[in-house]
Enquirer: 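Here it is, the structure in full.
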Amino acid sequence: MRVVFMGTPDFSVPVLDALVKAGHEIVSVYSQPPRPAGRGKKERPSPVQAFAETLGLSVYHPLNFKDDTDVAAFEALNADVAVVVAYGLILPQVLLDAPKFGCLNIHASLLPRWRGAAPIHRAIMAGDAQTGVCIMQMEAGLDTGPVLLRDETDIVASDTTLVLHDRLADMGAQLIVSALQDLPGLVPVVQSDQGVTYAEKIDKAEAKIDWVEDAVTVDRLIRGLSPFPGAWCQIDGQRVKVLNSCVTDGSGTAGVALDSALTVACGTGAVQLLRLQRAGKGAMDATDFMRGLPVAKGTQLD
């Protein structure tokens with residue numbers, strides 16, 4: 001098929017790779033424009049743009065589609081389908097209608113649960129037992145379109161957002177290839193109006209660990225916000241990101257270290273901190289972290 005690909009972050013890259021390897025003709029790639037990044041704040045192309053350019057594909061990044069010239073250029077591609085995955089712009093109806101088979105979105109949840117911006121984070125933070133990927137026919141509403149295909153995966157106690165993100169990205173890549181292969185014969189299934197939830201964009205204000213919460217809630221917050229923005233606390237006055245944890249046995253005053261192995265009491269139960277990052281340092285496992293900043297039994301984490 002003649003495919004327009006629209007995506008921006010790392011999550012989108014395996015999908016573009018799978019489409020190319022499946023033999024589809026990528027007639028154009030759309031991505032968000034380069035943004036300042038790193039300590040030098042130099043403009044850095046998106047992961048999709050960087051990957052597309054290694055394949056010799058043209059990349060476009062209009063700020064929006066309010067300019068008739070951008071709309072006309074999209075229509076002139078005469079695409080069979082547009083594949084959209086974490087692109088970052090709302091597409092006007094004229095674009096949704098332009099390709100022969102419309103625009104298909106790869107969404108990282110089991111719709112209608114977790115429509116919106118942060119479905120992977122929210123699924124872990126909410127303690128969902130399962131999540132998955134949906135191939136959705138796009139329409140004007142936010143993730144409201146009918147679903148063509150879906151695949152499920154269990155969320156296990158060791159999953160962080162990074163681990164689940166990578167698993168879902170691979171699932172989405174495989175699923176879109178299957179969808180395009182069978183596209184004319186797929187029957188769209190209208191989403192139920194029951195069980196609708198919205199995955200609001202993560203606010204950094206959510207990332208401060210409240211040790212008064214029960215251990216299960218604290219653990220879900222840590223894993224759900226890992227690696228970005230990263231749940232955090234203060235240890236000996238230093239701000240520390242906590243990037244992985246597990247629920248464990250123990251009880252005591254909330255926020256107090258119960259041993260010298262980073263077991264921390266919560267409002268109910270305890271969590272063991274497994275991976276941490278100090279400001280200006282790289283992420284490291286708890287054993288290595290403790291060499292640089294020992295946390296003795298009885299230490300109060302704020």
Side-chain angles (χ1 to χ4, degrees), residues 108-109 113-114 118-132 153-168 197 199-302:
S109 81
R113 186 160 178 79
W114 301 129
I120 302 175
H121 300 76
R122 296 297 179 189
I124 292 177
M125 291 166 69
D128 290 5
Q130 283 191 320
T131 188
T153 184
D154 291 339
I155 300 177
V156 299
S158 60
D159 279 337
T160 63
T161 284
L162 177 61
V163 171
L164 189 55
H165 165 284
D166 291 351
R167 188 157 80 243
L168 292 174
T197 58
E200 301 290 346
K201 184 178 179 181
I202 298 296
D203 188 326
K204 289 185 178 181
E206 299 177 73
K208 176 71 164 64
I209 299 172
D210 182 359
W211 299 109
V212 175
E213 296 281 359
D214 64 90
V216 170
T217 300
V218 171
D219 174 61
R220 289 172 181 169
L221 178 78
I222 290 169
R223 292 185 295 107
L225 297 185
S226 177
F228 182 83
W232 64 276
C233 65
Q234 287 193 333
I235 302 177
D236 287 342
Q238 298 189 46
R239 180 165 168 154
V240 176
K241 285 186 179 182
V242 184
L243 301 175
N244 203 356
S245 62
C246 65
V247 176
T248 190
D249 294 331
S251 63
T253 303
V256 170
L258 299 177
D259 55 24
S260 57
L262 285 174
T263 301
V264 182
C266 300
T268 304
V271 294
Q272 185 170 16
L273 311 186
L274 303 176
R275 191 164 180 82
L276 306 96
Q277 183 176 14
R278 295 164 65 186
K281 305 289 185 179
M284 59 189 71
D285 292 337
T287 302
D288 294 330
F289 176 86
M290 294 280 278
R291 292 193 183 102
L293 182 61
V295 181
K297 179 179 179 180
T299 300
Q300 176 72 56
L301 281 65
D302 298 317

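Not measured: the values here are computed from a predicted model.
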Enquirer: Which heavy atom in Ala265 sits nearest to a heavy atom in Ala270, and how many Å separate them?
Expert: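 Smallest interatomic distance, heavy atoms only, reads CA-CB, 4.1 Å.
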Enquirer: Output yes when a side-chain donor or acceptor of Thr160 lies under 3.5 Å from a complementary backbone atom of Val163, and no otherwise.
Expert: yes
Enquirer: Between Met125 and Leu225, does a side-chain contact (heavy atoms from CB on, under 4.5 Å) hold up when you go through it step by step?
Expert: CA-CA 8 Å; Met125 291 166 69; Leu225 297 185; 3.8 Å; yes
Enquirer: For Thr161 and Arg223, does a side-chain donor sit closer than 3.5 Å to a side-chain acceptor?
Expert: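 No, Arg223 and Thr161 have no side-chain donor paired with an acceptor closer than 3.5 Å.
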Enquirer: Measure the spacing between NZ of Lys281 and CZ of Phe289 and express it to the nearest 0.5 Å.
Expert: 11.0 Å
Enquirer: Is it true that Asp219 and Ser245 share a donor-acceptor pair across their side chains at a distance under 3.5 Å?
Expert: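 Judged by distance alone, the side chains do pair up.
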Enquirer: So does Ala257 get a backbone contact from the side chain of Thr299, meaning a donor-acceptor N/O pair under 3.5 Å?
Expert: no
Enquirer: Considering the options Ile120, Leu168, Asp154, Ile124, which one meets the side-chain contact (heavy atoms from CB on, under 4.5 Å) requirement together with Thr131?
Expert: Leu168
Enquirer: Gln300 side chain to Ala254 main-chain N or O, any donor-acceptor pair under 3.5 Å?
Expert: yes
Enquirer: If we ignore hydrogens and angles and just use 3.5 Å, is the side chain of Arg239 paired with the main-chain N or O of Trp232 as donor and acceptor?
Expert: no
Enquirer: Looking at every heavy atom in both Cys233 and Leu301, which two are closest together, and how far apart are they?
Expert: SG-CD2, 4.1 Å
Enquirer: Report the C-alpha separation of Gln234 and Val240 in whole Å, then their side-chain angles, then the decisive distance to 0.1 Å, and conclude whether the side-chain contact (heavy atoms from CB on, under 4.5 Å) test is met.
Expert: CA-CA 6 Å; Gln234 287 193 333; Val240 176; over 6 Å; no
Enquirer: Got a donor-acceptor contact below 3.5 angstrom from the Thr197 side chain to the Trp114 backbone?
Expert: yes
Enquirer: Under the side-chain contact (heavy atoms from CB on, under 4.5 Å) rule, what do Met284 and Arg291 come out as? Steps first, then yes or no, please.
Expert: CA-CA 11 Å; Met284 59 189 71; Arg291 292 193 183 102; over 6 Å; no
Enquirer: Report the C-alpha separation of Arg220 and Glu206 in whole Å, then their side-chain angles, then the decisive distance to 0.1 Å, and conclude whether the salt bridge (Lys or Arg N to Asp or Glu O under 4.0 Å) test is met.
Expert: CA-CA 12 Å; Arg220 289 172 181 169; Glu206 299 177 73; over 6 Å; no
Enquirer: Could you walk me through whether Asp128 and Arg113 pass salt bridge (Lys or Arg N to Asp or Glu O under 4.0 Å), step by step?
Expert: CA-CA 10 Å; Asp128 290 5; Arg113 186 160 178 79; 2.8 Å; yes
Enquirer: Quick check: closest heavy atoms across Pro119 and Ala108, and the distance to 0.1 Å?
Expert: CB-O, 3.4 Å
Enquirer: Give me the atom names and distance for the closest heavy-atom approach of Lys208 to Asp302.
Expert: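 Nearest pair, atom of Lys208 first, then Asp302: NZ-C, 3.2 Å.
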Enquirer: List the steps and the verdict of side-chain contact (heavy atoms from CB on, under 4.5 Å) for Val295 and Ser260.
Expert: CA-CA 6 Å; Val295 181; Ser260 57; over 6 Å; no
Enquirer: Minimum heavy-atom separation for Pro229 and Lys204, please, with both atom names.
Expert: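 Residues Pro229 and Lys204, closest heavy atoms: CB-CG, 4.2 Å.
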Enquirer: For salt bridge (Lys or Arg N to Asp or Glu O under 4.0 Å), just list the numbers for Arg275 and Asp285, CA-CA rounded to whole Å, side-chain angles, deciding distance to a tenth of an Å, and then say yes or no.
Expert: CA-CA 4 Å; Arg275 191 164 180 82; Asp285 292 337; 2.8 Å; yes
Enquirer: Among Ile222, Ile209, Asn244, which residue satisfies the side-chain contact (heavy atoms from CB on, under 4.5 Å) criterion with Leu273?
Expert: Ile222
Enquirer: Could you give the distance from CD (Gln272) to CG (Leu262), rounded to the nearest 0.5 Å?
Expert: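 Rounded to the nearest 0.5 Å, the CD-CG separation comes to 7.5 Å.
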Enquirer: So, Ser226 side chain and Leu243 main chain: donor-acceptor pair closer than 3.5 Å or not?
Expert: yes
Enquirer: I need the minimum non-hydrogen distance between Asp210 and Val218, along with the two atoms involved.
Expert: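 Heavy-atom minimum between the residues: O-CG2, 3.7 Å.
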Enquirer: Any non-hydrogen side-chain atom of Leu293 less than 4.5 Å from a side-chain atom of Ile235?
Expert: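 Leu293 reaches Ile235 side chain to side chain.
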Enquirer: Rounded to the nearest 0.5 Å, how far does CG of Leu162 lie from CZ of Phe228?
Expert: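 Interatomic distance, Phe228 CZ to Leu162 CG, rounded to 0.5 Å: 13.5 Å.
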